[in-house]
Amino acid sequence: MFVSSPEVAIPTLSIEERIHRVVDEVRATALRVGRDLTQIKILAVSKQKTVADIRALVSHGFRDFGESYVAEALPKLDSLASAGCIWHYVGVVQSNKTKRLAQHFDWVQSIDRIHIGKRLADVRDEFSTTPLNVCVQVNIDEEPTKAGVSVDQVPEMVDQLQQFPQLQVRGLMAIPNPEAHRDATRNSFRQMRELFETLRTKTTSHWDTLSMGMSGDYVMAIEEGATLIRIGTALFGPRN
Ligand SMILES: *Cc1c(COP(=O)(O)O)cnc(C)c1O
């Protein structure tokens with residue numbers, strides 16, 4: 001069974017209280033397991049949240065934000081154009097959305113088909129001189145309905161994506177099965193870490209991102225080596 005952390009279940013907290021709880025817990029976990037806090041980035045996943053909510057986090061020093069739906073995200077990105085945010089796309093990538101993704105986002109964490117990578121690279125060339133940061137999404141628990149490549153396909157995918165100079169291949173992203181027991185989730189995080197370290201020797205020096213852990217399991221993800229945790233509910237409160 002999926003068990004939320006207690007703070008996720010309290011809908012009445014203010015955004016400030018939520019931020020403090022998450023930041024304190026990340027800090028305490030890093031200290032406990034001997035990890036450098038600067039190696040753990042918090043991505044605030046702002047889907048279904050307003051521009052005002054995002055500004056509240058910006059005013060507390062957050063810079064990295066994640067969105068899952070292109071149509072919802074673009075007006076928000078536009079309103080926040082001068083806020084200095086770094087935008088990560090973490091949703092399913094559809095071929096007909098690649099143009100807008102490559103044009104407006106700084107990162108696409110959810111690449112799982114090589115032709116999507118190629119399209120993003122082609123479009124990026126038209127719009128920007130800086131490469132698009134990308135991660136390969138791994139379907140770590142081999143769920144039939146989930147996006148992502150299987151573990152044995154990852155090295156080939158990383159290899160192919162690295163051929164595109166318009167893409168900076170930063171690492172791996174995974175969303176373990178939310179129905180799994182915590183021991184199984186920990187095991188999935190461990191497998192991700194192993195894969196990430198194995199590929200480090202074969203990749204460029206920018207291979208620095210292991211994106212795993214959400215509101216219900218980010219402590220465990222940090223314990224197992226996540227360098228980027230993707231937090232929605234625990235920062236912004238519940239979504240509809
Ligand atoms: C929504 C979402 C999150 C954040 O989930 P919470 O449980 O609200 O923290 C993280 N990653 C992805 C890919 C998401 O779609």
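Both ligands and their constituent atoms are indexed starting at 1 by order of listing.
No side-chain donor from either of T209 and S211 sits under 3.5 Å from a side-chain acceptor of the other.
Closest to atom 4 (C) of ligand 1 among all protein heavy atoms lies G232 N, 3.6 Å. Taking atom 5 (O) of ligand 1 as the reference point, the nearest protein heavy-atom neighbour is M214 CE, 3.6 Å. Among protein heavy atoms, atom 8 (O) of ligand 1 sits closest to T233 OG1, 2.5 Å.
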Inset, instruction - Determine, stepwise, if the pair F127 / K99 fulfils side chain to side chain contact (heavy atoms under 4.5 Å, CB included). - result: CA-CA 9 Å; F127 290 105; K99 181 170 177 177; 3.8 Å; yes
Inset, instruction - Report the C-alpha distance between L13 and R21 in whole Å, list the side-chain angles of each, state the deciding distance to 0.1 Å, and finish with yes or no for side chain to side chain contact (heavy atoms under 4.5 Å, CB included). - result: CA-CA 10 Å; L13 292 178; R21 281 168 179 250; 3.5 Å; yes
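Checking each of K47, K49, K76 against E67 for a salt bridge (charged side-chain N to carboxylate O under 4.0 Å, His left out) leaves exactly one that passes, namely K76. Screening R186, R35, R190 against E223 for a salt bridge (charged side-chain N to carboxylate O under 4.0 Å, His left out) leaves a single residue, R186.
Residue I231 has at least one heavy-atom neighbour below 4.0 Å for each of these atoms of ligand 1: 9 (O). Atoms of ligand 1 found under 4.0 Å from any heavy atom of R230, numbered from 1 in the order shown, are 4 (C), 9 (O), 10 (C), 11 (N), 12 (C), 13 (C). If you number the atoms of ligand 1 from 1 as listed, the ones under 4.0 Å from a heavy atom of I175 come out as 13 (C).
Ring geometry for Y89 against F105 counts as perpendicular: the plane angle is over 60°, on a 0 to 90° scale with 30° as the lower cut.
At a heavy-atom distance under 4.0 Å, only side-chain atoms of K47, from C-beta outward, approach ligand 1. Looking at S68 against ligand 1, only its side chain comes within 4.0 Å, counting heavy atoms.
Between V90 and ligand 1, not a single N/O pair is under 3.5 Å apart.
Between R193 and E197 a salt bridge is recorded (basic side-chain N to carboxylate O distance below 4.0 Å).
Of the listed residues (S215, A44, G213), the one carrying the non-hydrogen atom nearest atom 6 (P) of ligand 1 is S215.
Transitive grouping of hydrophobic side chains (ILVMFWY, heavy atoms separated by less than 4.5 Å) brings I42 and F189 into a common cluster.
Residue R239 places a heavy atom less than 4.0 Å from ligand 1.
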